[in-house]
Amino acid sequence: MAPRPPWRAVFAGTAVAALGLTAVSPVTAFAATTDYEAENATISQGAVESNHAGYSGTGFVNFDNVTGSYVEYSVNAAQAGTHTLTFRYANGTTADRPVKLTVDGGDKGTVDFPATGAWTTWKTVTATVSLTAGVNKVRTTATTADGGPNADKLTDTFTAPVDSEPPSPPSNLKASTILPTAATFTWTAATDNVGVVRYEINRGGNTLKTVGGTTTSATVDNLTPNTAYDISVGAFDAAGNPSQQSNVVTFTTPPSDDTTPPGVPGNLRTTGVTANSVSLAWNASTDNSGTIAGYDVFQGTAKVATTTSLGTTITGLTPNTSYSFTVKARDPDGNSSAASNAVTAKTSAPGGAGGIPEYDKDIAKVDLGWSVAFLPDGNALVTERDRFEIVLVTPSGRKTTLGKVPGAVTTNGEGGLLGLAISPNWTSDHAIYLYHTASGDNRIVKMTYDGTTLSSTSTPVLTGIAKNRYHNGGRIRFGPDGKLYATVGDAKNSDNAQNKSSLNGKILRLNPDGSAPSDNPFYATGGNARYVWSYGHRNPQGLAWDSRGQLWAAEFGESSLDELNLIQKGGNFGWPSCEGTQGSCSGFIAPKKTWPTSQAGPSGLEIVNDWIYIAGVTGEQLFATQINAAGTGIGTVSALFSGRWGRLRSVTKTPDGGLWLTSTNNDKNGGTPSVLDNVIVRLKFPGGSTP
């Protein structure tokens with residue numbers, strides 16, 4: 001360009017925008033970029049012009065052709081650190097037009113602006129500098145008599161480093177002012193290398209309330225009278241990293257002064273009969289408190305079931321016999337309604353529909369029998385979650401403790417010694433596989449048991465699965481294809497579920513040696529994605545295959561809906577955008593069945609002759625349903641043994657044609673491993689055989 005006289009006026013301006021940060025990805029570095037138009041900068045010995053097309057904004061700066069002309073940008077950095085400065089320019093001459101780069105007067109070297117071929121051809125050059133938080137004066141000064149290039153804009157890019165360090169656990173959690181429907185909690189703040197942005201107050205694995213990162217007390221006002229609670233607090237940083245949970249406080253809210261009973265359950269009816277069972281359903285009651293604590297089912301004058309659901313199945317009945325039933329509702333203060341209408345149902349003759357098991361006998365008392373797997377000789381191995389022991393249990397109930405799993409630890413919640421799978425080639429390799437919590441992670445390991453001796457060491461098969469007090473998943477099972485499948489919870493970081501680089505919030509598939517099968521859906525992606533079979537899970541639990549080789553899985557919901565899913569290879573099941581069928585569910589795979597989280601808590605899952613059986617933890621009942629003829633869905637779901645054994649954890653088919661069912665009561669805060677207060681019971685089918 002032609003030289004201009006040195007008396008040209010000095011133009012002053014300000015940068016167009018300050019750097020603003022939005023929510024950041026929890027697992028990757030994030031980049032924030034801001035444009036600063038040259039025409040809005042401070043200009044010395046230059047002019048704003050618009051006579052060459054292709055510029056951004058309202059124009060560009062034409063440096064005077066003198067040494068010392070400059071453009072100075074006010075770059076507002078939200079975070080200190082290394083920033084990339086990208087200069088968009090045009091240089092229609094054949095010569096380089098270098099400038100001296102300074103930041104707040106500090107020399108950052110020379111930046112070259114080579115020829116672009118024409119004044120309408122715009123290109124970019126970059127420089128990397130350190131900026132402080134706040135406004136930085138970035139000046140580009142011409143170093144030759146030709147002046148600088150035509151300056152269009154400066155783009156500042158700041159890439160924050162990955163923050164993978166979680167906060168420390170909050171501590172010293174206390175509860176006070178415990179009222180029928182509210183309680184106040186205080187805790188000592190967590191610490192973090194960057195900063196805590198929020199705390200979640202949890203009941204078990206479910207969030208009751210969320211508060212800001214500078215808050216260390218909160219009142220939760222949606223509690224239920226006369227109800228036991230176990231509360232902990234977890235901290236999160238801006239990158240979404242969750243802390244381990246605080247200490248747990250337990251209490252029971254006092255009763256309220258409510259003496260009004262609930263309304264009577266309506267329309268008690270029979271929904272199905274077999275030779276040994278009657279299925280019932282009824283309409284919900286209402287209560288002035290807004291909450292129904294449960295329903296009691298009576299056979300004549302004897303209470304035969306307690307449930308929070310709107311239906312149950314009474315088993316162990318005599319074929320071809322009439323029975324009469326009523327139902328009463330209870331509120332949290334123990335007030336009971338009057339009895340519903342009575343309904344009479346007659347069981348069918350022997351050899352009827354089948355599929356509904358009945359109680360056969362007690363097998364053994366254990367601590368927390370989390371997983372059961374049968375050896376070829378008909379004996380079973382059982383994992384004791386909080387004792388970290390493997391127990392051999394015979395069909396007659398004789399127990400032998402084989403030993404502890406080395407390195408297994410508790411999370412004082414849902415972690416510990418969890419899943420168990422016996423090698424399909426056990427007769428030759430004597431291998432057993434276990435999913436357990438370790439000091440730094442959840443992991444799958446291999447041990448050997450030759451029928452007499454359990455090895456004293458374990459071999460890691462897959463490590464690095466994030467752990468937390470809650471949401472650890474933990475079920476493992478060999479599929480018909482000989483591959484090992486594992487359910488893995490999101491470890492209280494819901495973003496893990498959609499991140500295929502994380503092992504959490506997934507169903508994983510691996511070879512017995514711990515390698516990733518090459519036909520896994522994301523194998524070509526590499527890294528942890530190689531192991532992913534399906535994703536978008538919150539806390540998946542039971543696994544089983546039907547007669548078509550299709551995989552079904554049960555899953556704990558957050559606060560709305562639990563799920564039964566028919567798993568698809570590479571499928572996305574929606575968490576955290578979608579919970580069951582609630583939320584933003586478009587484009588995700590829908591569950592085949594949902595339950596309110598207060599009624600199910602589906603854990604262990606088994607399939608026998610295309611009947612699905614699910615052990616319900618929260619609902620304290622066993623669910624039974626039949627897969628439809630097309631294999632695409634299920635029929636009516638029956639709720640069995642409601643309230644009989646408490647929290648039901650696993651259900652496993654036996655070699656002799658029945659089911660073993662385990663309970664895990666008192667399991668919420670590390671259990672009571674010194675007391676053997678849970679059961680293994682055997683269920684049988686009508687006629688003593690499978691359905």
Side-chain angles (χ1 to χ4, degrees), residues 357 359-385 389-403 405 417-435 444 446-455 474-487 512 541-547 551-552 603-609 611-615 622 648-664 678-685 688-691:
Y359 169 74
D360 182 14
K361 61 182 180 180
D362 287 0
I363 296 295
K365 284 287 187 70
V366 292
D367 171 36
L368 297 175
W370 206 92
S371 188
V372 176
F374 283 90
L375 295 161
D377 63 4
N379 293 327
L381 300 182
V382 180
T383 57
E384 295 262 26
R385 191 193 74 180
E389 293 176 344
I390 301 175
V391 180
L392 178 72
V393 183
T394 69
S396 64
R398 187 176 71 252
K399 298 186 300 180
T400 304
T401 299
L402 301 178
V405 174
L417 178 55
L418 304 176
L420 167 68
I422 295 173
S423 168
N425 303 312
W426 181 84
T427 54
S428 59
D429 64 20
H430 296 152
I432 62 173
Y433 293 79
L434 301 138
Y435 185 118
I444 299 171
K446 180 171 69 174
M447 300 180 72
T448 59
Y449 172 66
D450 61 7
T452 303
T453 303
L454 178 72
S455 61
R475 196 71 59 178
I476 57 174
R477 197 159 188 176
F478 279 97
D481 56 3
K483 308 300 183 184
L484 185 62
Y485 292 74
T487 63
Q541 295 286 301
L543 293 169
W545 287 262
D546 63 20
S547 63
L551 176 60
W552 296 74
S603 186
L605 185 152
E606 186 60 281
I607 297 178
V608 180
N609 291 352
W611 278 76
I612 297 177
Y613 303 95
I614 304 172
L622 179 71
L648 302 181
R649 178 63 61 180
S650 72
V651 55
T652 310
K653 58 187 174 184
T654 67
D656 60 356
L659 296 170
W660 275 17
L661 187 65
T662 72
S663 67
T664 54
N678 283 291
V679 299
I680 303 173
V681 299
R682 186 184 188 276
L683 309 179
K684 64 181 181 180
F685 297 102
S689 61
T690 56

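These figures come from a predicted structure and were not determined experimentally. Just so you know, these numbers use all the heavy atoms, side chains as well, and skip hydrogens, waters and symmetry mates.
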For this session: Looking only at non-hydrogen atoms, find the nearest pair between Tyr613 and Val651 and report the distance.
Result: O-CG1, 3.5 Å

Problem set entry | Contact summary for Leu659 and Pro357, nearest pair of heavy atoms | CD1-CG, 4.2 Å

Determine all donor-acceptor pairs shorter than 3.5 Å in which one atom belongs to a side chain in residues 418-429; sequence neighbours excluded.
residue: Ser423; atom: OG; partner: Asn425; partner atom: N; Å: 3.0
residue: Ser423; atom: OG; partner: Asp429; partner atom: OD1; Å: 3.2
residue: Ser423; atom: OG; partner: Asp429; partner atom: OD2; Å: 2.8
residue: Trp426; atom: NE1; partner: Tyr449; partner atom: O; Å: 2.9
residue: Ser428; atom: OG; partner: Asn425; partner atom: O; Å: 3.0
residue: Asp429; atom: OD1; partner: Ala431; partner atom: N; Å: 2.9

Problem set entry | Which atom of Trp370 lies closest to which atom of Arg385, heavy atoms considered | CD1-CD, 3.8 Å

For this session: Name all residues meeting the side chain to side chain donor-acceptor pair (under 3.5 Å) criterion together with Glu384; count only those two or more places apart in sequence or in a different chain, and write none if there are none.
Result: none

Seminar exercise, completed: Sorted by chain and number, sequence neighbours left out, side chain to side chain donor-acceptor pair (under 3.5 Å) with Trp552 holds for Asp546

Problem set entry | Residues forming a side chain to side chain contact (heavy atoms under 4.5 Å, CB included) with Ser547, sequence neighbours excluded | Asp610

Seminar exercise, completed: Residues Pro655 and Gly378: closest non-hydrogen pair is CG-CA, 4.1 Å

Exercise. Can you tell me how far the CG atom of Leu368 sits from the OG1 atom of Thr383, to the nearest 0.5 Å?
Worked result: 9.5 Å

Exercise. Are Thr662 and Val366 side-chain neighbours, meaning at least one heavy-atom pair lies under 4.5 Å?
Worked result: no

Exercise. Quick one: are the ring centres of Phe685 and Trp611 less than 6.0 Å apart?
Worked result: no

Exercise. Taking only residues two or more places apart in sequence or in another chain, which ones pass side chain to side chain donor-acceptor pair (under 3.5 Å) with Ser371?
Worked result: none

Exercise. So, for Ala364 and Gly397, which heavy atoms are closest and what is the spacing to 0.1 Å?
Worked result: CB-O, 4.1 Å

Seminar exercise, completed: Sorted by chain and residue number, the salt bridge (Lys or Arg N to Asp or Glu O under 4.0 Å) partners of Arg649 (sequence neighbours excluded) come out as Asp667

Seminar exercise, completed: For residues 360-383, the salt bridge (charged side-chain N to carboxylate O under 4.0 Å, His left out) pairs (sequence neighbours left out) are Asp360-Arg682

For this session: Please identify each residue that fulfils side chain to side chain contact (heavy atoms under 4.5 Å, CB included) with Pro512, with sequence neighbours left out.
Result: Tyr433, Phe478

Seminar exercise, completed: Residue pairs meeting salt bridge (charged side-chain N to carboxylate O under 4.0 Å, His left out), one or both in residues 474-486, sequence neighbours left out, come to Arg477-Glu606, Asp481-Arg509

Problem set entry | Closest contact, heavy atoms only, Ser650 versus Ala615 | N-CB, 3.8 Å

For this session: Could you check Ile612, Thr487, Thr652 and say which one makes a side chain to side chain contact (heavy atoms under 4.5 Å, CB included) with Leu605?
Result: Ile612

For this session: Taking side chain to side chain donor-acceptor pair (under 3.5 Å) as the test, write out the residues that go with Ser663, two or more places apart.
Result: Asn678

Problem set entry | Inter-residue atom distance Leu683.CG - Leu661.CG, 0.5 Å rounding | 5.5 Å

For this session: Enter the distance from Ile614:CD1 to Leu622:CG here, rounded to the nearest 0.5 Å.
Result: 8.5 Å

Problem set entry | Spatial distance of atom CG (Leu454) from atom CG (Leu392) [nearest 0.5 Å] | 10.5 Å

Exercise. Say you draw a straight line from CG of Leu375 to CD1 of Ile432; how long is it, rounded to the nearest 0.5 Å?
Worked result: 8.5 Å

Problem set entry | Ile607 side chain near Trp545 side chain, heavy-atom distance below 4.5 Å | no

For this session: For Thr401, enumerate each residue passing the side chain to side chain contact (heavy atoms under 4.5 Å, CB included) test, keeping only those at least two apart in sequence or located in another chain.
Result: Glu389, Val391

Seminar exercise, completed: Sequence neighbours excluded, the answer for side chain to side chain contact (heavy atoms under 4.5 Å, CB included) partners of Val382 is Val372, Val393, Ile680

Problem set entry | Heavy-atom side-chain contact between Leu381 and Leu402 under 4.5 Å | yes

